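What follows is a single structure, written as structure tokens, with notes after it.
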Number of protein chains: 2
Amino acid sequence: MNDGAGAFKQSPGAGAATCHGDEGDSCHRVGHSPGKRRLSELTEQLRAKSRKITGPRQKILDVLRMNRHPVTIKELFAQMPRGDCDLVTVYRSLHLLESMGMVKRFDFGDGTARFELIDGPDGGHHHHLICTRCESIVELEDCFAKEMELSVAKRNGFASVTHRLEFFGICPKCQ
Amino acid sequence: MNDGAGAFKQSPGAGAATCHGDEGDSCHRVGHSPGKRRLSELTEQLRAKSRKITGPRQKILDVLRMNRHPVTIKELFAQMPRGDCDLVTVYRSLHLLESMGMVKRFDFGDGTARFELIDGPDGGHHHHLICTRCESIVELEDCFAKEMELSVAKRNGFASVTHRLEFFGICPKCQ
DNA sequence: CACTTAATGCAAATCACTTGCAAAGGTGGA
DNA sequence: TCCACCTTTGCAAGTGATTTGCATTAAGTG
Ligand SMILES: [Mn+2]
Ligand SMILES: [Mn+2]
Ligand SMILES: [Zn+2]
Ligand SMILES: [Zn+2]
């Protein structure tokens with residue numbers, strides 16, 4: 001309600017299904033330009049793990065390919081030709097892709113998961129800057145937290161330490 | 001499922017209602033030792049904003065006072081003498097306390113909010129290290145991200161930038 | 001082309017959380 | 001101390017995201 005680092009709330013139905021890429025915002029990530037990886041390259045990864053290459057999965061991968069920012073399941077679903085497959089299938093496919101390390105799940109603090117095709121090495125590890133007013137997203141190339149990760153792990157005797165980090169603020173247009 | 005920085009999943013009913021503090025883990029945060037702030041001091045904050053000091057609210061504050069780590073609504077509810085108040089009241093009270101800046105909400109990536117009494121200045125800003133096996137939590141005193149926050153804000157023209165950051169790993173006992 | 005088994009669609013179930021509404025109870029003022 | 005007023009609470013029902021059961025369909029294989 002007055003939350004400073006407040007949860008990112010999505011206005012119902014806003015900014016969803018229509019525009020795939022973006023209308024000229026600044027993207028600081030180098031990899032993952034829309035449509036960069038060929039669809040065949042992606043389906044090949046499925047085949048390599050003896051998963052079936054179905055119509056729905058191809059469509060889902062294709063939509064993911066076209067988005068430079070993480071998308072919600074609903075957004076993804078809305079970008080597929082209506083009737084192409086069931087919403088449940090999208091959920092199940094993204095689970096599969098996530099478990100195969102092909103997509104990465106992000107959590108912006110509203111109750112909705114977002115997914116991005118993993119592009120670079122490092123499992124696609126990166127972070128975002130999200131406008132809490134208009135929901136626009138900036139991809140942040142650098143990971144600032146790797147060193148802390150190490151020190152935190154060492155100091156507390158933890159192993160396999162990873163982190164989740166997202167930034168929130170008001171974008172230039174919304175100020 | 002095989003998620004490296006995977007979502008922290010809580011095993012149903014595990015580690016919940018029974019132990020308030022902790023069984024001798026390392027706590028790196030200085031402030032917020034259990035029971036530090038007097039209950040009267042807390043209810044006074046309610047009175048100061050002309051909110052009613054009700055039975056449920058006192059109980060809720062008292063439970064929060066006794067926990068050194070963020071607690072879920074369910075855990076909080078379970079720590080109150082059964083029949084003390086309705087679950088919904090806990091939800092509503094925490095909203096109130098959050099809006100008054102008395103508690104801070106944390107998101108560990110499972111679908112459940114966690115709350116901690118705000119203790120120090122800086123709105124209680126800090127981070128956690130969470131064991132993805134046993135769910136034990138280490139409070140991290142330092143915030144490493146303030147500088148990144150500034151650089152990220154400046155570089156992208158964003159204002160009022162904040163961040164959410166949590167670390168996940170395997171604790172010494174679970175390795 | 002037939003077979004085997006994974007994948008899909010549809011409906012129903014969970015889960016965390018929210019909301020509507022009438023009843024109960026703090027509080028400031030008489 | 002007593003009261004009226006307005007907040008807060010309890011209970012039931014509603015949401016929205018995500019999951020699950022199950023019978024049906026369709027890749028992949030030889
Ligand atoms: Mn991204
Ligand atoms: Mn904490
Ligand atoms: Zn990082
Ligand atoms: Zn921080």
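None of the values given here were measured: they were computed from a predicted structure. Chain A is the first sequence line, chain B the second, and so forth, proteins listed ahead of strands; every chain is numbered from 1.
- Atom CG in B:Asp110 sits about 13 Å away from atom P in D:dT18, given to the nearest Å.
- The distance from atom CG of B:Leu94 to atom P of D:dT8 is 14 Å, rounded to the nearest whole Å.
- Both B:Ala113 and B:Arg92 lie close to DNA chain C; mapped to their nearest nucleotides by heavy-atom distance, the more 5′-ward contact belongs to B:Ala113.
- Remark: B:His95 is in phosphate contact with C:dT18, judged by side-chain N or O atoms under 4.0 Å from OP1 or OP2.
- Using a 3.5 Å distance cut-off with no hydrogens or angles, the side chains of A:Glu75 and A:Asn67 do not pair a donor with an acceptor.
- Nucleotide D:dT8 holds its P atom 10 Å from the CE atom of B:Met100, rounded to whole Å.
- Within residues 46-61 of chain A, the residues approaching DNA chain C are A:Arg51, A:Lys52, A:Thr54, A:Pro56, A:Arg57, by heavy-atom distance under 4.0 Å.
- Atom-to-atom, CZ of B:Phe77 to P of C:dC15 comes out at 16 Å; the value is rounded to the nearest Å.
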Could you please spell out the steps behind the side-chain contact (heavy atoms from CB on, under 4.5 Å) verdict for B:His128 and B:Glu139? CA-CA 5 Å; B:His128 302 93; B:Glu139 301 286 323; 3.1 Å; yes

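- Under 4.0 Å is where a charged nitrogen must lie from a carboxylate oxygen, and between A:Lys59 and A:Asp62 no such pair does.
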B:Leu140 and B:His126: CA distance, side-chain angles, deciding distance, side-chain contact (heavy atoms from CB on, under 4.5 Å) verdict: CA-CA 6 Å; B:Leu140 302 176; B:His126 67 281; 6.0 Å; no

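- Residue A:Leu87 contributes atom CG, which lies 14 Å from atom C1' of C:dA11 at whole-angstrom precision.
- Per the geometry, CG belonging to B:Asp86 stands 14 Å off P belonging to C:dT18, to the nearest Å.
- Between A:Arg57 and A:Arg51, some side-chain heavy-atom pair lies under the 4.5 Å cut-off.
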Kindly determine whether A:Lys74 and A:Thr112 satisfy side-chain contact (heavy atoms from CB on, under 4.5 Å), including the steps that lead there. CA-CA 9 Å; A:Lys74 292 266 277 291; A:Thr112 321; 5.8 Å; no

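- The side chain of A:Val88 lies closest to D:dT20 when the candidates are C:dG9, D:dT20, D:dG10.
- Distance CD (A:Glu98) to P (D:dT18): 11 Å, rounded to an integer number of Å.
- Phosphate proximity of C:dT18 to B:Tyr91: absent, as no side-chain N or O sits under 4.0 Å from OP1 or OP2.
- The interatomic distance linking B:Leu96 (CG) with C:dT19 (P) rounds to 15 Å, in whole Å.
- Taking CZ of A:Phe168 as the reference point, atom CZ of B:Arg164 lies at 5.5 Å (rounded to 0.5 Å).
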